[in-house]
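The structure appears below as structure tokens.
Note that this is a predicted model, so its numbers are computed, not measured. Residue numbers begin at 1 in each chain, while the letters A, B, ... track the order of the sequences.
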There are 2 protein chains.
Amino acid sequence: MEVSPSSARLSFALPEGVFTANCPTREQLNRVMSKWSPLLLAALADGPPLRWSELRRKASGITEKMLAQTLRALEDDGFVHREARPVVPPHVEYTLTPEGEQLAGLVLALMSFIVDRTVADDAKAG
Amino acid sequence: MEVSPSSARLSFALPEGVFTANCPTREQLNRVMSKWSPLLLAALADGPPLRWSELRRKASGITEKMLAQTLRALEDDGFVHREARPVVPPHVEYTLTPEGEQLAGLVLALMSFIVDRTVADDAKAG
DNA sequence: CGGCATCCAGCATGATACTG
DNA sequence: CAGTATCATGCTGGATGCCG
């Protein structure tokens with residue numbers, strides 16, 4: 001397989017099409033990078049399945065609307081699995097799918113980097 | 001070093017504070033995940049320093065405002081270095097700082113994952 | 001060429017109330 | 001408990017024009 005010179009130096013060789021305006025991966029990327037997605041992925045990556053109310057408490061500051069909306073998007077994209085047990089009161093659990101765990105790993109790495117950097121900056125600032 | 005049980009199973013142990021509403025890392029994360037940041041990081045990660053006009057062409061669809069705004073944010077956060085040569089016509093080059101390269105690596109991994117997944121989905125869909 | 005200032009539209013997000 | 005529906009808003013992002 002031939003590799004074009006311009007992308008040879010990158011460990012992740014992105015196809016040029018990614019930079020195109022209407023590339024579907026851009027849309028997908030923006031969905032995954034939306035305000036609350038990383039936080040929910042992180043919340044689910046760390047630990048056991050969580051219920052709606054547990055997620056709401058963990059993702060401090062999220063509104064019910066955004067929780068529902070973000071969970072729905074992650075579920076539609078195949079990153080989150082929703083399991084509802086037909087009891088009263090309702091009992092719903094959210095878990096990561098295998099693909100969701102992959103994604104969460106990458107997102108966690110990014111968050112971890114930011115956290116470390118922010119902590120370091122704070123230390124410098126006193 | 002002791003690790004709390006709830007975070008022991010994660011390769012990246014995020015401090016609990018990340019989930020707090022006013023956590024500064026959330027703000028930083030959202031800035032880095034803004035619509036155009038990943039694309040510009042990717043554009044600069046792959047290859048030589050780029051000029052304003054080159055970046056504009058590469059990040060297809062970006063407006064001048066968002067290009068300026070995003071570059072400025074990345075520069076303020078220490079991820080991008082701006083070098084202006086005082087000639088006429090002006091000649092300005094943008095490069096990644098060491099921290100920017102770290103960040104770009106993580107972002108590229110994420111983009112690469114999304115791209116692969118999207119391609120796989122497209123293949124299935126025909 | 002490489003911006004910045006201004007104005008404007010649309011969507012992401014938010015607050016609140018209601019429901020199965 | 002686990003959502004949906006509705007209304008409000010604010011900020012991101014876009015179009016245009018001007019400047020060094």
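The CZ atom of B:Arg72 sits 18 Å away from the C1' atom of D:dT12 (whole-angstrom rounding). Protein atom CD1 of A:Ile62 is 8 Å distant from nucleotide atom P of C:dG14, rounded to whole Å. The nearest whole Å value for the distance from the CZ atom in B:Arg56 to the P atom in D:dG13 is 18 Å. The CE atom of A:Met33 sits 12 Å away from the P atom of D:dG13 (whole-angstrom rounding). Rounded to whole angstrom, the span from the CG atom of A:Leu67 across to the C1' atom of D:dT4 amounts to 13 Å. Rounded to an integer number of Å, the gap from B:Gln69 CD to C:dG2 C1' is 16 Å. The distance between atom CG of B:Asn30 and atom P of D:dC11, rounded to the nearest whole Å, is 14 Å. Atom CD in B:Glu75 sits roughly 13 Å away from atom C1' in C:dG3 (whole-Å rounding).
Of the side-chain N and O atoms in B:Lys65, none sit less than 4.0 angstrom from OP1 or OP2 of C:dT6. Residue B:Ser34 has no polar side-chain atom (N or O) positioned under 4.0 Å from OP1 or OP2 of D:dT12. The shortest distance between the side-chain N/O atoms of B:Tyr94 and the OP1/OP2 oxygens of C:dG3 is below 4.0 Å. The side chain of A:Trp36 contributes an N or O atom lying less than 4.0 Å from OP1 or OP2 of C:dG14. Phosphate proximity of D:dA2 to A:Ser53: present, with a side-chain N or O under 4.0 Å from OP1 or OP2. For B:Arg82, a side-chain nitrogen or oxygen approaches OP1 or OP2 of C:dG3 to under 4.0 Å. Dashed line: the shortest gap from a side-chain N or O of A:Arg51 to OP1 or OP2 of D:dC1 is not under 4.0 Å.
No side-chain donor-acceptor contact under 3.5 Å links B:Thr25 to the backbone of B:Val18. A:Arg56 places no side-chain N or O within 3.5 Å of a backbone atom of A:Ile62 that could act as its donor or acceptor partner.
Heavy atoms only, all atoms of each residue included: B:Ala45 and B:Leu108 are closest at CB-CD2, 3.7 Å. The shortest heavy-atom contact between A:Arg26 and A:Thr20 is NH1-O, 3.2 Å.
Closest contact between the side chain of B:Pro89 and the listed nucleotides D:dG14, C:dC1, D:dA2 involves C:dC1. Nearest to the side chain of B:Trp52, among D:dG3, D:dG14, C:dG3, sits C:dG3.
Using a 4.0 Å heavy-atom distance criterion, B:Glu64 is classed as a base contact.
Annotation for A:Glu99: atom CD counts as buried by contact number, over 12 foreign heavy atoms lying within 6.0 Å.
With the nearest nucleotide of DNA chain D identified for both A:Glu93 and B:Lys35, A:Glu93 has the one nearer the 5' end.
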